[in-house]
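Order of the sequence lines fixes the chain letters, A, B, ..., with proteins taken first and strands second; residue numbering starts at 1 for each chain. Every heavy atom of this structure was used, including side-chain atoms; hydrogens, water molecules and symmetry mates were not. Since we're looking at a predicted model, the values are computed, not measured.
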Amino acid sequence: MLQLQVLRQNPDWVKERLTVKQFKDTDVVDTILSLDDQRKKLQLEFDTTQAKVNSASKEIGQLMGKGQKEEAETKKQEVTALKNSLQPITDKLAEVEKRLQDTLVILPNLPSEKVPVGKTPADNIVVREGGKKPNLPAGSVPHWDLIKKYDIIDFETGAKITGSGFPLYKGKGARLQRGLIQYFLDFNTAAGYTEYLPPFMVNEASAYGTGQLPDKEGQMYYMPEDKFYMIPTSEVPITNIYRDEILKEADLPIKMTAYSPCFRREAGSFGKDVRGLNRVHQFEKVEIVQIVHPDKSYEVLEEMVNHVEKLLNTLELPYRILKLCGGDMGFASALTYDFEVYSGAQERWLEVSSVSNFETYQTNRMKIRFKDEKGKPQLVHSLNGSSMALPRVVAALLENNQTSDRIQLPTVLEKYIGSTLIS
RNA sequence: GGAGACUUGUCCGAGUGGUUGAAGGAGCACGCCUGGAAAGUGUGUAUACGGGAAACCGUAUCGAGGGUUCGAAUCCCUCAGUCUCCGCCA
């Protein structure tokens with residue numbers, strides 16, 4: 001959620017930034033400011049009247065103490081009259097506050113000045129590329145054929161057990177999942193991230209805190225009996241660890257990493273994009289999250305991008321890093337870099353990681369603050385990134401390392417999966 | 001799942017309807033004391049919103065939300081969480 005203060009100080013700049021994010025209805029900014037004015041007026045009216053009620057009530061207490069019952073009775077009637085006049089103000093104030101909140105929440109985060117202007121993925125900017133594309137032999141096939149050939153991932157049985165998009169990993173396929181998770185976690189903890197294993201379901205307040213609610217409700221699996229949401233990423237529980245807390249400046253930066261399965265309904269997805277491991281309802285992911293001093297967040301964003309890049313390099317996959325344009329960025333992000341790996345047999349780029357700086361957008365919702373030198377509470381910045389999402393990494397690993405009768409995985413994985421040969 | 005106890009500030013802890021935003025203690029910060037430190041001692045030490053140039057003032061907040069009352073941390077209701085006992089169970 002944007003800070004009201006920012007809208008007040010520079011409404012025109014806010015509108016201009018919203019436009020970069022392809023947010024058309026910039027009049028909302030004016031609506032919010034006018035609601036805020038109303039709120040202030042009502043608040044003042046409420047406060048002054050309530051102050052009278054409070055002091056009169058105290059007097060009643062004192063009169064009662066002295067045994068002056070009649071005077072107390074007169075006062076009581078005065079207070080009752082005041083309270084009656086207060087009622088409409090209270091109602092109006094509550095209504096204005098709710099409208100203000102509801103309106104503020106529909107505004108996406110403002111893109112940083114570094115964000116390229118553009119509408120679609122075609123407008124994203126390739127920051128750099130690495131690795132080299134494989135030269136696959138004739139007869140090479142996409143991963144959805146490879147997994148059948150070597151019997152390592154079974155979509156049909158997954159669909160039988162649960163539904164489509166819930167893969168069943170088997171043998172080397174299962175071992176590869178376990179090994180990659182462990183490898184990624186080790187890589188992250190070696191870089192100073194503290195490992196967590198969070199709950200896989202969250203309550204409403206947590207889903208709201210990271211920005212999944214209210215607008216992305218349909219993307220999450222929901223358990224109505226308990227009012228819990230299955231997490232779409234461990235970013236949700238992990239970032240919420242510090243919800244409603246005021247940190248010491250010395251505590252920053254906080255670096256966390258976590259593995260979790262991720263559950264996504266992916267309503268509305270269809271076509272060739274969703275084939276095989278390209279898009280599934282449940283997948284494994286290792287996430288990195290940082291909570292940092294506001295002055296440091298862009299430095300940290302680069303650090304996180306470099307970290308993921310290093311990891312990707314060890315897997316010997318061809319990749320590219322994109323700086324997302326305003327139109328392709330997520331709702332809560334101020335600047336996002338996407339990582340894509342090249343999947344040789346499909347001959348296309350697959351997103352395997354997304355690293356974002358949310359600045360104060362999430363922390364304002366969660367009220368995560370720190371005390372600065374003056375002892376004043378100030379919002380921290382939050383960042384996160386995948387390091388990494390497994391399915392597409394696996395798709396690329398399988399496709400790019402195939403020969404006619406085997407798949408030879410990179411040796412870095414030997415320690416984690418035993419034999420790197422699938423045949 | 002059943003029965004009961006509980007949830008107060010950074011922490012511990014008092015407080016069962018009336019100047020209680022909240023005693024007392026610990027911690028922390030600053031000062032005094034000291035050659036330096038400890039001990040001692042003094043002062044300060046929540047957050048949000050609003051008003052104000054500021055000092056400061058007002059309002060709200062004692063798990064969350066609602067209610068009773070002129071007045072609620074204190075009474076009532078709902079929900080969440082913690083603990084104990086019983087049941088069930090990996």
Side-chain angles (χ1 to χ4, degrees), chain A residues 1-9 32-105 197-209 213 222-229 237 240-252 254 360 362-380:
Chain A
M1 181 165 70
L2 294 177
Q3 293 173 265
L4 204 43
Q5 201 187 345
V6 175
L7 305 213
R8 277 192 209 140
Q9 280 164 0
I32 289 170
L33 291 176
S34 116
L35 283 168
D36 187 39
D37 283 342
Q38 288 180 50
R39 193 197 101 250
K40 278 192 203 171
K41 284 197 193 102
L42 289 164
Q43 182 78 55
L44 188 61
E45 212 176 332
F46 174 87
D47 283 355
T48 48
T49 313
Q50 184 62 247
K52 285 183 203 160
V53 170
N54 287 347
S55 68
S57 292
K58 258 177 201 170
E59 284 175 43
I60 292 171
Q62 286 163 347
L63 291 170
M64 299 285 271
K66 287 186 230 156
Q68 293 171 293
K69 289 221 167 122
E70 275 167 44
E71 289 86 339
E73 276 310 314
T74 319
K75 271 280 170 204
K76 273 194 198 180
Q77 281 171 21
E78 266 176 48
V79 175
T80 308
L82 271 176
K83 283 190 69 182
N84 286 339
S85 74
L86 201 55
Q87 193 56 49
I89 302 170
T90 314
D91 293 346
K92 184 81 184 153
L93 182 62
E95 186 207 316
V96 168
E97 272 177 345
K98 182 170 188 321
R99 274 174 59 202
L100 179 61
Q101 182 66 19
D102 290 352
T103 316
L104 199 52
V105 132
L197 184 66
F200 298 155
M201 295 184 214
V202 294
N203 58 29
E204 211 169 294
S206 294
Y208 175 83
L213 293 181
Y222 181 58
M223 328 291 278
E225 265 196 299
D226 302 286
K227 299 201 176 90
F228 293 154
Y229 293 86
N240 271 283
I241 291 172
Y242 291 99
R243 170 154 47 88
D244 292 323
E245 296 210 9
I246 299 177
L247 301 157
K248 296 195 198 83
E249 191 166 352
D251 295 335
L252 304 175
I254 293 170
T360 58
Q362 293 183 327
T363 55
N364 189 33
R365 287 185 168 211
M366 283 185 275
K367 299 286 171 276
I368 308 181
R369 292 161 291 174
F370 76 101
K371 285 203 172 170
D372 62 22
E373 324 77 65
K374 289 182 199 146
K376 281 198 69 175
Q378 220 188 105
L379 292 170
V380 292

Are A:Arg39 and B:rG50 close enough that a side-chain N or O sits under 4.0 Å from OP1 or OP2?
yes
Return no unless some side-chain N or O of A:Arg369 is found under 4.0 Å from OP1 or OP2 of B:rU47.
no
Atom-to-atom span, [atom1] of [X] to [atom2] of [N] - whole angstrom:
{"X": "A:Gln87", "N": "B:rU69", "atom1": "CD", "atom2": "P", "answer": "13 Å"}
{"X": "A:Glu97", "N": "B:rU61", "atom1": "CD", "atom2": "P", "answer": "13 Å"}
{"X": "A:Gln50", "N": "B:rA48", "atom1": "CD", "atom2": "P", "answer": "21 Å"}
{"X": "A:Lys83", "N": "B:rG71", "atom1": "NZ", "atom2": "C1'", "answer": "8 Å"}
{"X": "A:Glu45", "N": "B:rC49", "atom1": "CD", "atom2": "C1'", "answer": "16 Å"}
{"X": "A:Leu42", "N": "B:rG51", "atom1": "CG", "atom2": "P", "answer": "13 Å"}
{"X": "A:Leu44", "N": "B:rG52", "atom1": "CG", "atom2": "P", "answer": "9 Å"}
{"X": "A:Glu59", "N": "B:rG71", "atom1": "CD", "atom2": "P", "answer": "15 Å"}

So which one's nearest nucleotide on RNA chain B is more toward 5', A:Val79 or A:Thr48?
A:Thr48
Start at the 5' end of RNA chain B and walk down; is the nucleotide closest to A:Lys58 or to A:Thr80 reached first?
A:Lys58
Which nucleotide, in any strand shown, forms a Watson-Crick or G-U wobble pair with [N], with both distances under 3.5 Å?
{"N": "B:rG24", "value": "B:rC12"}
{"N": "B:rG71", "value": "none"}
{"N": "B:rG40", "value": "B:rC32"}
{"N": "B:rG58", "value": "B:rC49"}
{"N": "B:rG87", "value": "none"}
{"N": "B:rA80", "value": "B:rU7"}
{"N": "B:rG17", "value": "none"}

Mind checking [X] for me? I need base, sugar-phosphate or nothing, with any heavy atom below 4.0 Å counting as a touch.
{"X": "A:Ala56", "answer": "nothing"}
{"X": "A:Ile246", "answer": "sugar-phosphate"}
{"X": "A:Lys40", "answer": "sugar-phosphate"}
{"X": "A:Asn54", "answer": "sugar-phosphate"}

In whole Å, measure the gap between the [atom1] atoms of [N] and [M] for me.
{"N": "B:rA90", "M": "B:rG15", "atom1": "C1'", "value": "45 Å"}
{"N": "B:rA5", "M": "B:rC75", "atom1": "P", "value": "13 Å"}
{"N": "B:rC57", "M": "B:rG44", "atom1": "P", "value": "14 Å"}
{"N": "B:rC76", "M": "B:rU82", "atom1": "C1'", "value": "23 Å"}
{"N": "B:rG21", "M": "B:rU59", "atom1": "P", "value": "10 Å"}
{"N": "B:rG31", "M": "B:rC12", "atom1": "C1'", "value": "27 Å"}
{"N": "B:rU16", "M": "B:rA73", "atom1": "C1'", "value": "10 Å"}
{"N": "B:rG87", "M": "B:rG13", "atom1": "C1'", "value": "36 Å"}

Which one, [options], comes nearest to the side chain of [X]?
{"X": "A:Pro377", "options": "B:rA48, B:rG50, B:rG58", "value": "B:rA48"}
{"X": "A:Lys371", "options": "B:rA48, B:rA46, B:rC49", "value": "B:rA46"}
{"X": "A:Gln43", "options": "B:rG58, B:rC70, B:rC49", "value": "B:rC49"}

For the pair A:Glu95 and A:Lys98, find out whether any cationic side-chain nitrogen is under 4.0 Å from an anionic carboxylate oxygen.
no
Is a salt bridge present between A:Asp102 and A:Arg99, judged by a nitrogen-to-oxygen distance below 4.0 Å?
no
Side-chain H-bond candidate by donor/acceptor type, A:Asn54 with A:Ser57, under 3.5 Å:
no
So which of A:Asp91, A:Asp36, A:Leu42 actually passes side-chain contact (heavy atoms from CB on, under 4.5 Å) with A:Val96?
A:Leu42
A:Asp47 and side-chain contact (heavy atoms from CB on, under 4.5 Å): which partner among A:Glu45, A:Gln43, A:Gln50?
A:Gln43
Taking side chain as C-beta onward, heavy atoms only, is A:Thr363 less than 4.5 Å from A:Tyr242?
no
Is there a side-chain contact between A:Thr103 and A:Leu35 (heavy atoms, below 4.5 Å)?
yes
